[in-house]
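Written out below as structure tokens is the structure these notes cover.
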There are 2 protein chains.
Amino acid sequence: MRIDLNMTSTLNMAQIERRLAERRVRLTGGRRAVVDGLASSDGPKSAAELHRTIGGALSSLYRSLAVLESAGVIALHHSAKGFVRYELAPWIKGHHHHLLCSNCGAVDDTEMPAALEKELRGIVKRIGLRAGFKPTDHALDIEGLCTRCR
Amino acid sequence: MRIDLNMTSTLNMAQIERRLAERRVRLTGGRRAVVDGLASSDGPKSAAELHRTIGGALSSLYRSLAVLESAGVIALHHSAKGFVRYELAPWIKGHHHHLLCSNCGAVDDTEMPAALEKELRGIVKRIGLRAGFKPTDHALDIEGLCTRCR
DNA sequence: TTCCTTGCAAACGATTTGCATTGGA
DNA sequence: TCCAATGCAAATCGTTTGCAAGGAA
């Protein structure tokens, strides 16, 4: 489920720039590299993976990630194996779920058809009612074998 | 080394003992304390939380966790905030999902009614078909406000 | 005895922080 | 100019490992 880089850089990049400007957060070279790196990815990327393509000081990368996260531009994802990965926030790349390959460790995004997503929201809502819990978000991780490994 | 014999079910404990015996893994005091600590919990516990009640050396606790995990008695859970928590394996406590409170950080287990769980399995299966992915397991984390915080 | 487990301390890897330097508005 | 961003090195945090001592079979 590859995100179209051009679409992201034309349509969404303007939104990202506006959001950062509103919060007086500068979109520096390093930060833009992070956004681009994540926008052109099939799924969430770890700090180390980003660092491999971006270069520069690791600490600066972490600082960029922290700034972008608190500005709501990127989100953290914790894989089943405990790896921390980063991805563009849902309002940019859309609500989606993750396919985790138990063989090769790959994490891929998957957008669900609206009907399925609606059904899932219904389930979440009903669980909330049952448990006296007020759901605001949900994350469905599916583990199994990816296209390449099965 | 404090050993708490507050086990949820003698039945489960017998199964656990049998499984460990089969694999020639000794159920020592420290390991039993881990199992008891997890059995008496409403949700997954972090190593630090377990250590607070169990005592002893932290490294021994981690070793107990590793042994029990490779014996299939406990499972790891990575919360949305990146905290690693441990819980009894699904074959002991049943398949369930997690309610994550975004206010107080609590993680609670929730077992879904069979009908809902079946519906969820259906969704997972259909996503797998769409993406050419062969699902073996799934994890649904619901974020929101718990009973106490909402 | 001979494994296996434990405790302690040191090592480790990922991430964070202090501080001096650089760079853009 | 001035404040924010960067690089580097040191510090920190959770977790793991080496090794010697303690216990059970």
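Below, chain A is the first sequence line, B the second, and so on; all start at residue 1. No experiment lies behind these values; they were computed from the predicted model shown.
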Just to be sure I understand the rule, does [X] reach a base, reach only the sugar-phosphate, or reach nothing, if contact means heavy atoms closer than 4.0 Å?
{"X": "S60(A)", "answer": "base"}
{"X": "V67(B)", "answer": "nothing"}
{"X": "G30(A)", "answer": "sugar-phosphate"}

Q) Just by modelled atom types, is the L116(B) backbone N or O under 3.5 Å from a matching donor or acceptor in the R126(A) side chain? A) no
Please state how far atom [atom1] in [X] lies from atom [atom2] in [N], giving the value in whole angstrom units.
{"X": "L61(A)", "N": "dT16(C)", "atom1": "CG", "atom2": "C1'", "answer": "13 Å"}
{"X": "L65(A)", "N": "dA14(C)", "atom1": "CG", "atom2": "C1'", "answer": "13 Å"}
{"X": "R24(B)", "N": "dT5(C)", "atom1": "CZ", "atom2": "P", "answer": "14 Å"}
{"X": "L68(A)", "N": "dA5(D)", "atom1": "CG", "atom2": "C1'", "answer": "13 Å"}
{"X": "R31(A)", "N": "dA4(D)", "atom1": "CZ", "atom2": "P", "answer": "11 Å"}
{"X": "H51(A)", "N": "dC8(D)", "atom1": "NE2", "atom2": "C1'", "answer": "12 Å"}

Distance-only criterion, 3.5 Å: show the donor-acceptor pairs between side-chain atoms of residues 49-57 of chain A and protein atoms not counting sequence neighbours.
unit_1: E49(A); atom_1: OE1; unit_2: S46(A); atom_2: N; d: 2.9
unit_1: E49(A); atom_1: OE1; unit_2: S46(A); atom_2: OG; d: 3.4
unit_1: H51(A); atom_1: NE2; unit_2: G56(A); atom_2: O; d: 2.8
unit_1: T53(A); atom_1: OG1; unit_2: L50(A); atom_2: O; d: 3.0

**Q.** Point-to-point distance, once rounded to the nearest 0.5 Å, from NZ of K134(A) to OG of S102(B)
**A.**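 Reported value, rounded in 0.5 Å steps: 9.5 Å.
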Q) If a stem is a run of at least 3 consecutive Watson-Crick or G-U pairs, both distances under 3.5 Å, which stems include DNA chain D? A) C:1-25 with D:1-25
Q) Between H138(A) and H97(B), is any side-chain donor less than 3.5 angstrom from a side-chain acceptor? A)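 The criterion, which ignores hydrogens and geometry beyond distance, is not satisfied for H97(B) and H138(A).
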Q. When you check the phosphate oxygens OP1 and OP2 of dT6(D), does a side-chain N or O of T28(A) lie under 4.0 Å from one of them?
A. yes
Would [X] and [Y] pass as an ion pair if we require N to O under 4.0 Å?
{"X": "E111(A)", "Y": "R130(B)", "answer": "no"}
{"X": "D108(B)", "Y": "R148(B)", "answer": "yes"}
{"X": "E17(A)", "Y": "R26(A)", "answer": "no"}

Q.
Can you build the contact string for nucleotides 18-23 of chain D? Use B for base contact, S for sugar-phosphate-only contact, and - for no protein heavy atom under 4.0 Å.
A. BB----
Q.
Nearest to the S64(B) side chain among dT6(C), dA5(D), dT5(C), which nucleotide is it?
A.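 The nucleotide sitting nearest to the side chain is dT6(C).
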Q: Among dT6(C), dT15(D), dA5(D), find the nucleotide with the atom closest to the side chain of L58(B).
A: dT15(D)
**Q.** Of E143(A), R85(A), H77(A), the residue whose pairing with H98(A) passes side chain to side chain donor-acceptor pair (under 3.5 Å)
**A.**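 The side chain to side chain donor-acceptor pair (under 3.5 Å) with H98(A) is passed solely by H77(A) among E143(A), R85(A), H77(A).
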